[in-house]
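Okay, so here's the structure we're looking at.
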There are 2 protein chains.
Amino acid sequence: MSDAPASTGHADPDRQPIWSRPERGSRGPAPAHSRDAIVAAAIALADAEGLAAVSMRAVAAALGTGAGSLYRYLTSRDDLLDLMTDRAVGELRPYPQVEGDWLETMVLLGRRQLALFGTHPWLLDVIHRPSGIGPEGLAWFDNCIRVLEPVRCPVAAKFEAIAMMTGVVSLFARRESAAGAFSFAGLDLAAHPHLVAAFSQPSGPAPRANLVERTLRSLLSGLLITESTEVG
Amino acid sequence: MSDAPASTGHADPDRQPIWSRPERGSRGPAPAHSRDAIVAAAIALADAEGLAAVSMRAVAAALGTGAGSLYRYLTSRDDLLDLMTDRAVGELRPYPQVEGDWLETMVLLGRRQLALFGTHPWLLDVIHRPSGIGPEGLAWFDNCIRVLEPVRCPVAAKFEAIAMMTGVVSLFARRESAAGAFSFAGLDLAAHPHLVAAFSQPSGPAPRANLVERTLRSLLSGLLITESTEVG
DNA sequence: TGTAAACTGCGAACGTCGTTTGCAGTTATT
DNA sequence: AATAACTGCAAACGACGTTCGCAGTTTACA
């Protein structure tokens, strides 16, 4: 035992973000696992049983080890969630070539995002945490900025528009995964005349497709085009 | 002890929603607390220290009792969250009178929602759970349908539009409460030329106000007006 | 080559959480 | 008076994220 050990081998409060931390040092035996294997196991669990099933114990069990062992590779569960998110965002590659209108390209990117939320529904529970962006997220962001290059407006507006696009896509994704979940059980529906009147009205045509596209188009053009004409 | 007790006094798996459950039975001593007092204490805690601070133990301590005692009034923490949400939604009253354009009234309702998210930021963490709507939520919904009465489109489209409005407002609210939180720490920014080019560009005018209003206007008119002309 | 430092895995524990349980006491019904 | 339905509460349960200590392994350097 040493009097003043430089490191206990465990987490200290202020560490660099995981993106710049090396996977392992230069000494000691080869690790039995890898960040990638852990993240893959966690994503498989989340895809199959939801984010709540991604406990340190469950992920560790999927790799045949104990929960505490994972902390040789990660500093916290949040780290794991960040890694999962960035890896999923990486599935947005390859980015489509820019051809024709930038708006159409952005809408295409939005549809890609929507599809990603479909294959990894747990992303909806994870993206709202305040957390540093990862390298794949940064690359996606860079790509969006590239697509928006011909648009003449402040950078801040482009940032806002990209964030809002992601947000709106997440709203649509949530609607699809929830699928009209909310019920009126136990409530006095009759006390709300406008609601019952609306329900008794002929339902009209079914909600059309391409709603996401149209929404994104009007949102992005509203945020980016009419931008330069008015200054508050 | 009875052989076949009709009720243990505790939660059974399939219960009616809390909205239709009476606060107390007709026998036994008067309860020391009330649903309202519990919900008020929980909201005070959430307003002050965030939703994570709303643990059963903390709420109980604020009322001078133990965690287990709360289960005489609620069946679960989710119940408490539902009650908190509905009570907060009740603060949207009184609803503004409908005067003039329905679109302007809806935008006004959206601004009210945004303000509510400002006074109760924890609502952002709570609204995404799949959960039954409460009486105040139902009343707010009814009011929106009333405002949208002059709009001639299927009811489902109105429902979608209201949900999307709430969602977009929540996105704006989240942006305001997060305040540009995401950092590029530990990432190789230089490897993304479009980003650095965008940053080196003159920043232009600051993002204007009334962005929420303009977004809501284009969103709602896009979802409700151009609706009837095209059917997918 | 020997030794110390830096690493490895792992089992056991800590504190917190939501929730359940058992029990003693209180009130309304019959 | 007796019974059934309620009340509050302390203690416990199981699961969670995380920490700790220890024994063993590999590398760097004298």
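Below, read A as the first sequence line, B as the second, and so on, with proteins coming before strands; counting in each chain starts at 1.
Of the two residues contacting DNA chain C, namely Gly68(B) and Gly68(A), the nearest-nucleotide position lying further toward the 5' end is that of Gly68(A). Projected onto DNA chain D by closest heavy-atom contact, Arg24(B) and Ala53(A) fall at different nucleotides, the more 5' of which corresponds to Arg24(B). The residue among Ala67(A) and Gly28(A) whose nearest nucleotide of DNA chain C lies closer to the 5′ end is Gly28(A).
Ring pair Phe199(B)/Phe184(B) is perpendicular by interplanar angle, where above 60° counts as perpendicular and below 30° as parallel.
One interatomic measurement links the two molecules: CD of Glu23(A) to P of dT8(C), which rounds to 10 Å at whole-angstrom precision. Taking atom CZ of residue Arg21(A) and atom P of nucleotide dC7(C), one finds them 13 Å apart after rounding to whole Å. Remark: C1' of dC16(D) and CG of Leu80(A) are 14 Å apart, rounded to the nearest angstrom. To the nearest angstrom, P of dC7(C) lies 7 Å from CZ of Arg27(A). Rounded to whole angstrom, the span from the CZ atom of Arg72(B) across to the P atom of dA10(D) amounts to 13 Å. For the pair Met56(B) CE and dT19(C) P, the computed distance is 6 Å after rounding to whole Å. Per the geometry, CZ belonging to Arg57(A) stands 13 Å off P belonging to dG11(C), to the nearest Å. Atom OH in Tyr71(B) sits about 17 Å away from atom P in dG22(C), given to the nearest Å.
Put simply, Ser55(B) has a side-chain N or O that comes within less than 4.0 Å of OP1 or OP2 on dC17(C). Put simply, Ser76(B) has no side-chain N or O that comes within less than 4.0 Å of OP1 or OP2 on dG18(C). Look at Tyr73(A) and you won't find any side-chain N or O under 4.0 angstrom from OP1 or OP2 of dT8(C). Between Ser69(A) and the phosphate of dC10(C), there is a side-chain N or O to OP1/OP2 separation shorter than 4.0 Å.
Taking every side-chain heavy atom of Pro29(A) into account, dG24(D) is the closest of dG8(D), dG24(D), dT27(C).
When only modelled atom types and interatomic distance are considered, Thr166(B) and Gln113(B) share a side-chain donor-acceptor pair under 3.5 Å. For the residue pair His194(B) / Asn143(A), no side-chain donor-acceptor distance below 3.5 Å is found, with atom types taken as modelled.
Remark: nothing in residues 35-49 of chain A comes within less than 4.0 Å of DNA chain C through any heavy atom.
Between Arg111(B) and Glu213(B) there is a salt bridge, with a side-chain nitrogen of the basic residue lying less than 4.0 Å from a carboxylate oxygen of the acidic one. No salt bridge links Asp79(A) with Arg35(A); every basic N to acidic carboxylate O contact stays at or beyond 4.0 Å.
Among all heavy-atom pairs drawn from Thr85(A) and Arg129(A), the shortest one is OG1-NH2, 4.5 Å. Nearest approach of Trp122(A) to Met84(A), heavy atoms of both residues: CH2-O, 3.7 Å.
Across all strands shown, Ser26(B) has heavy atoms under 4.0 Å from sugar-phosphate atoms exclusively, and none from any base.
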Expected list for residues 57-64 of chain A: side-chain donor-acceptor pairs under 3.5 angstrom, two or more places apart:
none

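Put simply, the side chain of Arg77(B) and the base of dG18(C) share no donor and acceptor less than 3.5 Å apart.
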